[in-house]
2 protein chains.
Amino acid sequence: MGRPTMNDVAAEAGVALKTVSRVVNDERGVNPATADRVRAAIERLGYRRNDSARTLRRGRTASIGLVIEDAADPFYSGLSRAVEDVALRHGYLMFTGSSSEDPVRERDLVLAFCARRVDGLVIVPAGADHEYLTPELDAGISAVFADRPSGSGRDLDTVLCDNAGGARAGVAHLIAHGHRRVGFVADAPSIFTATQRWYGYRQALDAAALPYDPALIAMGPPEPARVEADVTRLLALADPPTALFTGNGRTTVATLRALDRPVALVGFDDFELADLLGITVVAQNPAGLGTAAADLLFSRLAGNREPAQRRQLPTRLIPRGSGEGAFRLL
Amino acid sequence: MGRPTMNDVAAEAGVALKTVSRVVNDERGVNPATADRVRAAIERLGYRRNDSARTLRRGRTASIGLVIEDAADPFYSGLSRAVEDVALRHGYLMFTGSSSEDPVRERDLVLAFCARRVDGLVIVPAGADHEYLTPELDAGISAVFADRPSGSGRDLDTVLCDNAGGARAGVAHLIAHGHRRVGFVADAPSIFTATQRWYGYRQALDAAALPYDPALIAMGPPEPARVEADVTRLLALADPPTALFTGNGRTTVATLRALDRPVALVGFDDFELADLLGITVVAQNPAGLGTAAADLLFSRLAGNREPAQRRQLPTRLIPRGSGEGAFRLL
DNA sequence: TTGAAAGCGCTAACAA
DNA sequence: TTGTTAGCGCTTTCAA
């Protein structure tokens, strides 16, 4: 038997299909008495509008797709929640998917969302190539990049945080506290944000006329084991760093685990309990990133046809001890 | 002009609509040469199947809805990611929504998902009343409750963790280390898990023949400020607790912030850096909860018609110092 | 192996 | 104020 349809309701109420549609959609111009009869029939049958059919007919699905790296990562879950709130405020529902930093999975998710005819997309790019988006954009789907830009494809709205500036400020802070050998621990250079933060690190050294020593650089896969091994290696150098700058929240946490002695430390990304632990950080704002990206997306959905924007959100240095003295747990 | 449709492809390839459908869906019985011609037309036009139309016709949308409390909370984001992974493995997409612990918002989200005709739902109930689900269930939508049961409505599959048992073990651990006055800090009793954990707390006291002192109970809204005030109040008692048991991750963190002296502490929920801080916890498994709930849901979608199950996942006590001695940061 | 026709449940356009 | 008709893009059924 399946669910009751508008037709069933119409039959039950003794009116035409279109009248039911009018009532369901609160269109004006329906006799109150008729409307009541329709509503009674709806109640009796347990009717609920099929939004799938509705959106097929109207050409807009009132849904967006969000592709992040990992829904379980606090940074991206904060971003996700912010996007969701904006979407709901606009009466949109949101599909979510995690790319696991895999460009193929990113593409598959995005295209699956497009096949469902989402009206728009917020994408944290895992890959640099977004040529695959072109037919979708041509077809009228809007897309915004968040946290990282695309390396190819059409120029699209992009919301980033000030990665280089933030890293520069963090490293400069360490230098200002007397450090001349600062280690840099971060994700692999293939990740946009890692490379940007590395630029910032270099800029801070340059500004202080300090030499750049490749031996102090530890970039690689985000696995904690790799980070811990790299930190141990750095600290075992003949001329070890007296301070470390870590490239994101995950890396900072893994680094903390690997420290066998007090070391000055500034980390990119704030994280829960960093304040209690006394970790100096360069904070970015995941929710702000999500809100900005979603706002931009909905302005496009509302008809905004201006050229693509690139927005950059500021970071904030929060001194808590580890960057001014050294981090020590006990 | 909009996107090309199957009809456009058919015209371009000089075949009938149905032939295009066959090729797009990899149905057998198409002449390879014809298929190639169709594929070429698809390529030329940038055609992509409209899954909205497809699912309307087929009656299944291959999508599920997930309603959690807050996508930004590490516990629920872990659960969310696990559900997503199971869904994707089955070729399903997932809508996500955060209820913010508001029963009305939960209902609105669930019904919005139902209007999109999701095939199934995983719900972390914010409210206790789920009568509103009945028409949807009658219409064939499957639903599974995770983390908390429903208080009303039809008996549905439910996946919980062993809240009472975990709390009992945690409090017994404190008692075994000599504590006779243990404070209990948790969410409001309206939250199922908080009440269950309070039961466990009482059971542990009873088992040790210790008196239950209402003055040691601090349950209330999840706001950090409330928790901090309550902890301060407990510690200021004439006969203060020598140990605290905290009811979830958020509460534990807020409690840590409020401590002005070393206190023995065991918290429900593991959380990032708890190991570094030396916090003894009763760990549950958010991803396990999500996986179990999603597996149950997909078994229903596959046709499983057995009576509703209630599954309970075990917890694990992890001693790290704060429960054996006392928590101290410096 | 291929195609024509009907219809999923709804809304848009146009009568009456 | 109400209803009729067509059709969104696809799959299903049945026929050729």
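Within every chain, numbering begins at 1; the chains are lettered A, B, ... in the order of the sequence lines, protein sequences first and strands thereafter.
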Student: Would you check if there is a donor-acceptor pair between the side chains of B:Glu136 and B:His130 at a distance under 3.5 Å?
Tutor: no
Student: I want to check something: taking the side chain as every heavy atom from C-beta on, are B:Glu84 and B:Leu66 in contact at a cut-off of under 4.5 Å?
Tutor: no
Student: Below 3.5 Å, does any donor atom in the side chain of B:Arg57 face an acceptor in the base of C:dG7, or the other way round?
Tutor: yes
Student: Side chain of A:Asn31, heavy atoms from C-beta onward: which of D:dT4, D:dT2, C:dG3 has the nearest atom to it?
Tutor: D:dT2
Student: If you assign each of B:Ala16 and B:Arg117 to its closest nucleotide in DNA chain C, which residue comes earlier from the 5' end?
Tutor: B:Ala16
Student: Regarding B:Thr55, tell me which of base, sugar-phosphate or nothing describes its non-hydrogen contacts under 4.0 Å with the strands shown.
Tutor: nothing
Student: Report yes if at least one side-chain N or O of B:Thr34 is closer than 4.0 Å to OP1 or OP2 of C:dT2; otherwise report no.
Tutor: yes
Student: For A:Ser21 and C:dT11, is the shortest distance between a side-chain N/O and OP1 or OP2 below 4.0 Å?
Tutor: yes
Student: Between C:dA4, D:dG9, C:dA12, which nucleotide gets closest to the side-chain atoms of B:Lys18?
Tutor: C:dA4
Student: Just by distance, with hydrogens left out, do A:Arg116 and A:Thr55 show a side-chain donor and acceptor under 3.5 Å apart?
Tutor: no
Student: Within the structure, does a side-chain N or O atom of A:Thr19 lie under 4.0 Å from either OP1 or OP2 of D:dG3?
Tutor: yes
Student: For D:dT11 and B:Arg58 - does any side-chain N or O of the residue sit under 4.0 Å from the phosphate oxygens OP1/OP2?
Tutor: no
Student: Considering every strand and a 4.0 Å limit on heavy-atom distances, what is the contact class for B:Arg22: base, sugar-phosphate, or nothing?
Tutor: base
Student: How is B:Asn25 classified with respect to the nucleic acid when contacts are heavy atoms under 4.0 Å: base, sugar-phosphate, or nothing?
Tutor: sugar-phosphate
Student: For the residue pair B:Phe298 and B:His90, categorise the inter-ring angle as parallel (less than 30°), tilted (30 to 60°) or perpendicular (more than 60°).
Tutor: parallel
Student: Using whole Å, report how far CZ of A:Arg28 lies from C1' of D:dT1.
Tutor: 12 Å
